[in-house]
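Within every chain, numbering begins at 1; the chains are lettered A, B, ... in the order of the sequence lines, protein sequences first and strands thereafter.
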Amino acid sequence: MTGHGTDDARPDNFIEQIIQKDNASGKFEGRVVTRFPPEPNGFLHIGHAKSICLNFGVAQRFGGACFLRMDDTNPLKESAEYVAAIQRDVRWLGFAWGERETHASDYFEQLYIFAEELIQRGRAFVCSLTLEEIRATRGTLTEPGTPSPYRDRSVEENLDLFRRMRAGEFPDGAHVLRAKIDMASPNINMRDPVLYRIRRAHHQRTGDAWCIYPMYDYTHCLSDYLEGITHSLCTLEFEDHRPLYDWVLDTLATPHHPQQIEFSRLNLEYTVLSKRMLNTLVADGHVDGWDDPRMPTIAGMRRRGVRPEALQEFCTRIGVTRSDGTVEMSSLERCIRDDLEAMPRALAVVNPLKVVLTNYPDDREEWFRAPNHPQVAALGERDVPFCGELFIERDDFVFEPPNKKYKRLSPGAEVRLRYGYIVRCDEVITGNDGEAVELRCSVDLESRAGGANAERKVKGVIHWVSARHGVAAELRLYDRLFTEPNPAALKDGRHFTEVLNPESLVIREGYVEPYLAGLAPGSRVQFERSGWFYLEPERATAARPVFNRIITLRDSWN
RNA sequence: UGGGGUGUCGCCAAGUUGGUAAGGCACCGGAUUUUGAUUCCGGCAUUCGCAGGUUCGAGUCCUGCCACCCCAGCCA
């Protein structure tokens with residue numbers, strides 16, 4: 001797709017097909033207005049990113065507009081902090097809503113007037129049943145409900161009661177306003193659904209102006225109407241609510257009637273995407289907060305170092321359909337790596353193993369010229385310091401090569417130091433547990449680029465950092481949050497918090513080449529042969545750099 | 001046993017009037033490579049939940065099954 005408001009381009013999904021047809025038939029006079037309507041009761045996650053990209057993307061493509069609307073009708077669960085977080089995340093993701101920033105609470109007065117009109121028309125009534133009684137008379141999936149004894153109150157009495165509800169004359173739960181539809185409907189949402197409830201709670205925006213609050217089904221369709229939304233995109237679980245959405249607008253005979261269209265929500269392996277569960281992780285301290293880099297939240301991924309471009313690409317790759325599915329983590333990972341591919345590279349050792357070069361002059365040091373990106377010359381070059389004492393990756397040495405394809409270091413084996421010399425492991429100094437604590441190697445001084453043995457072939461190349469020049473750094477290695485593909489639905493009855501990955505965060509003390517210590521906060525870089533890291537601005541300190549591992553390099557070896 | 005949905009390769013997903021199964025991810029080869037990365041070639045559904053039927057011809061039409069998801073908040 002070109003994204004230039006072209007109506008005739010090939011549609012990306014069934015929703016765009018519907019819009020093209022609507023535009024062709026003149027259903028909405030060619031207008032396309034959407035909205036992203038989050039409830040400010042938690043942070044946005046990657047599932048919301050899908051909806052954001054869809055709603056804003058469709059508006060962009062068809063030359064329409066998209067509102068950012070806070071669905072704030074339940075003051076008990078919402079807060080201004082969440083509102084701010086949501087705005088920041090949508091903006092970071094790359095979308096702008098301009099003046100189209102609204103709140104369902106902006107419409108409370110209009111919603112109230114519409115409610116009186118419903119009463120006036122005899123289509124809504126004040127019900128004085130208790131919560132339990134309403135539940136008991138709602139019926140079941142297979143049995144119809146029974147009408148409320150208050151269903152036939154007069155318009156006058158309903159109006160009086162409803163006005164007194166608003167005036168605060170009744171305690172919470174004493175009455176509710178209900179739509180008068182059909183208690184025998186096979187669709188439970190149509191069995192005289194509650195429209196308003198009394199709730200003495202301080203609203204983050206309207207304060208104590210109201211003690212009655214409208215329910216979602218009543219609020220959403222009218223907010224859509226008020227904003228002139230044409231296509232109201234939501235997830236599949238709201239499909240059963242569409243008849244009610246239409247009923248409210250039809251009953252009120254609104255001059256404009258938005259079309260609700262449902263699509264399937266995103267499910268991702270090895271994580272959970274429900275606000276309830278994410279909230280539990282935060283509330284019970286399993287993570288450091290909604291923006292913990294391990295969280296599938298937009299804020300978490302931002303702190304981890306993922307770029308918005310990667311998330312947008314992911315959303316276009318997974319598509320939009322009506323079928324339930326679970327996307328593999330590898331699909332997201334691919335998008336993140338693709339996006340990071342152009343970042344500069346450097347050398348850093350995550351898990352250090354000391355190496356002493358026995359035939360390298362003790363007082364000597366050299367600076368090797370190295371490209372910042374092997375395929376992107378424009379990224380320039382830098383000098384990497386080298387001396388007779390180095391750190392290499394612990395994983396790059398093994399006493400016994402597992403097979404003939406092994407290309408790293410082992411006793412007697414040779415390997416090239418990236419951008420440097422070829423070295424051979426002559427001796428291994430071991431500790432009490434028999435583990436290697438230091439390697440003694442000899443170096444071929446003619447093997448560097450330009451030297452007589454520069455073309456000598458050795459099986460592998462490993463990264464390293466000069467022990468004398470290297471800068472100690474905190475390396476935060478992040479991994480998947482759960483050990484099970486679908487932690488939200490474990491077959492053995494375990495709770496999702498029982499399958500948290502104990503190694504989702506491993507903090508290491510490593511060494512990075514000087515160049516890395518001089519990077520600006522917010523920089524992203526690839527530690528060669530290891531992965532991409534992010535210098536998280538929030539953790540920037542002059543004393544010791546802190547890097548978050550965004551994601552590892554693809555590894556076809558292990 | 002009510003209502004609403006969905007079933008195309010391990011995962012996501014095209015397939016719009018029936019004409020003989022796109023693409024991406026993953027995976028498997030092989031080339032290049034001072035990152036076991038990247039890049040690059042090549043492979044990867046005789047088959048579209050199942051069973052019948054209509055048709056010269058069906059993933060696309062009809063019938064009947066089966067599986068899975070959602071709904072009984074004064075949550076959204």
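For the residue pair A:Thr271 and A:Arg480, no side-chain donor N or O sits within less than 3.5 Å of a side-chain acceptor on the partner.
For A:Arg69, the salt bridge (Lys or Arg N to Asp or Glu O under 4.0 Å) partners at least two apart in sequence or on another chain are A:Asp224, A:Glu227. A:Lys491 is linked by a salt bridge (Lys or Arg N to Asp or Glu O under 4.0 Å) to A:Glu484, counting only residues two or more places apart in sequence or in another chain. Partners of A:Phe67 by ring-ring contact (aromatic ring centres under 6.0 Å, His included), not counting sequence neighbours: none found. For A:Glu341, the salt bridge (Lys or Arg N to Asp or Glu O under 4.0 Å) partners at least two apart in sequence or on another chain are A:Arg345.
Listed nucleotides: B:rC74, B:rU38, B:rG5. Nearest to the side chain of A:Arg197: B:rC74. For A:Arg138, counting side-chain heavy atoms from C-beta on, the closest listed nucleotide (B:rC69, B:rC74, B:rG36) is B:rC74.
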Per-nucleotide protein contact string for nucleotides 24-33 of chain B, where B marks a base within reach and S marks sugar-phosphate only (heavy atoms under 4.0 Å, - for neither):
SBSS------
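Sorted by first and then second residue, the ring-ring contact (aromatic ring centres under 6.0 Å, His included) pairs with a member in residues 322-351 of chain A form an empty list; sequence neighbours excluded. Under the salt bridge (charged side-chain N to carboxylate O under 4.0 Å, His left out) criterion, the residue pairs touching residues 319-335 of chain A are A:Glu239-A:Arg322, A:Glu262-A:Arg322, A:Arg334-A:Asp338, with sequence neighbours excluded. Pairs engaging residues 165-187 of chain A under the ring-ring contact (aromatic ring centres under 6.0 Å, His included) rule: A:Phe170-A:His175 [sequence neighbours left out].
The side chain of A:Ser556 contributes an N or O atom lying less than 4.0 Å from OP1 or OP2 of B:rA37. Phosphate contact (OP1/OP2 of B:rA72, side-chain N/O of A:Thr140, threshold under 4.0 Å): absent.
Only at 4.0 angstrom or more do the heavy atoms of residues 43-55 of chain A sit from any atom of RNA chain B, so none qualifies.
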